[in-house]
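Take a look at the structure below.
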Amino acid sequence: QVQLVESGGGSVQSGGSLRLSCAASGYVYSRTCMAWFRQAPGKEREGVALIDIYGSATHADTVKGRFTISQDNAKNTLYLQMNSLKPEDTAMYYCAAGRQYGGICAMSVARFDYWGQGTQVTVSS
């Protein structure tokens, strides 16, 4: 059973930076999709970034150029470097691990089987 634990969230001013970490425990199959999602109050959970089974990264248009997803397989850790933060980035951020189909990963909630408890990111102006 895989367990995911996020850390690194906090409160920052607009334009600031944070780096989120997601530590995975238990067996994590190497051909697994890894992603970051976020959810603001009253809104749907949305995909932020993912890394596919080949290590290729994809970022949502809303964060492209500002956020960078990365992973350290040896440490079973996923990261999200967030720069130039905006108030609209305020949300609970979740780490997730999920299924690939034919080598393809997608930032869809339904594709992910394991979720962390989340870490809060608050950006003020």
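Sequential numbering from 1 along the given sequence is applied to the chain's residues.
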Donor-acceptor contact present, side-chain Q100 to main-chain C105, <3.5 Å: no
Interatomic distance, L4 atom CG to Y114 atom OH [nearest 0.5 angstrom]: 9.5 Å
Donor-acceptor contact present, side-chain T119 to main-chain G9, <3.5 Å: yes
Test item: N73 side-chain N/O and N76 main-chain N/O as donor-acceptor pair under 3.5 Å: no
Polar side-chain atom of H59 near backbone of I69 as donor-acceptor pair, under 3.5 Å: yes
Reported CG-to-OG1 distance for the pair D52 and T32, which is rounded to 0.5 angstrom: 11.5 Å
Side-chain touch Q39/Y94, heavy atoms, less than 4.5 angstrom: yes
V63, T58, T62 screened by side-chain contact (heavy atoms from CB on, under 4.5 Å) with V48, the one that passes: V63
Audit row: Y79, R19, side-chain contact (heavy atoms from CB on, under 4.5 Å) steps and yes/no: CA-CA 7 Å; Y79 302 98; R19 188 175 80 154; 3.8 Å; yes
Q120 CD: over 12 foreign heavy atoms closer than 6.0 Å: yes
Step-by-step side-chain contact (heavy atoms from CB on, under 4.5 Å) determination, V121 to L18: CA-CA 9 Å; V121 171; L18 285 172; 3.9 Å; yes
Geometric class of the F37/W115 ring pair [parallel <30°, tilted 30-60°, perpendicular >60°]: tilted
Common cluster, W36/L50, ILVMFWY with side-chain heavy-atom separation under 4.5 Å: no
Give every donor-acceptor pair under 3.5 Å between a side-chain atom in residues 80-88 and any protein atom, sequence neighbours left out.
from : atom 1 : to  : atom 2 : distance (Å)
Q81  : NE2    : N83 : OD1    : 3.0
N83  : OD1    : S17 : OG     : 2.9

Reported CD-to-SG distance for the pair E6 and C95, which is rounded to 0.5 angstrom: 5.5 Å
Co-membership, hydrophobic cluster, residues M107 and L78, 4.5 Å side-chain: no
Q71 side chain to I51 backbone, donor-acceptor under 3.5 Å: no
Residues V109, E46; criterion side-chain contact (heavy atoms from CB on, under 4.5 Å); working and verdict: CA-CA 8 Å; V109 170; E46 64 175 353; over 6 Å; no
Axial cation check for F112 ring with R99, 6.0 Å and 45° limits: no
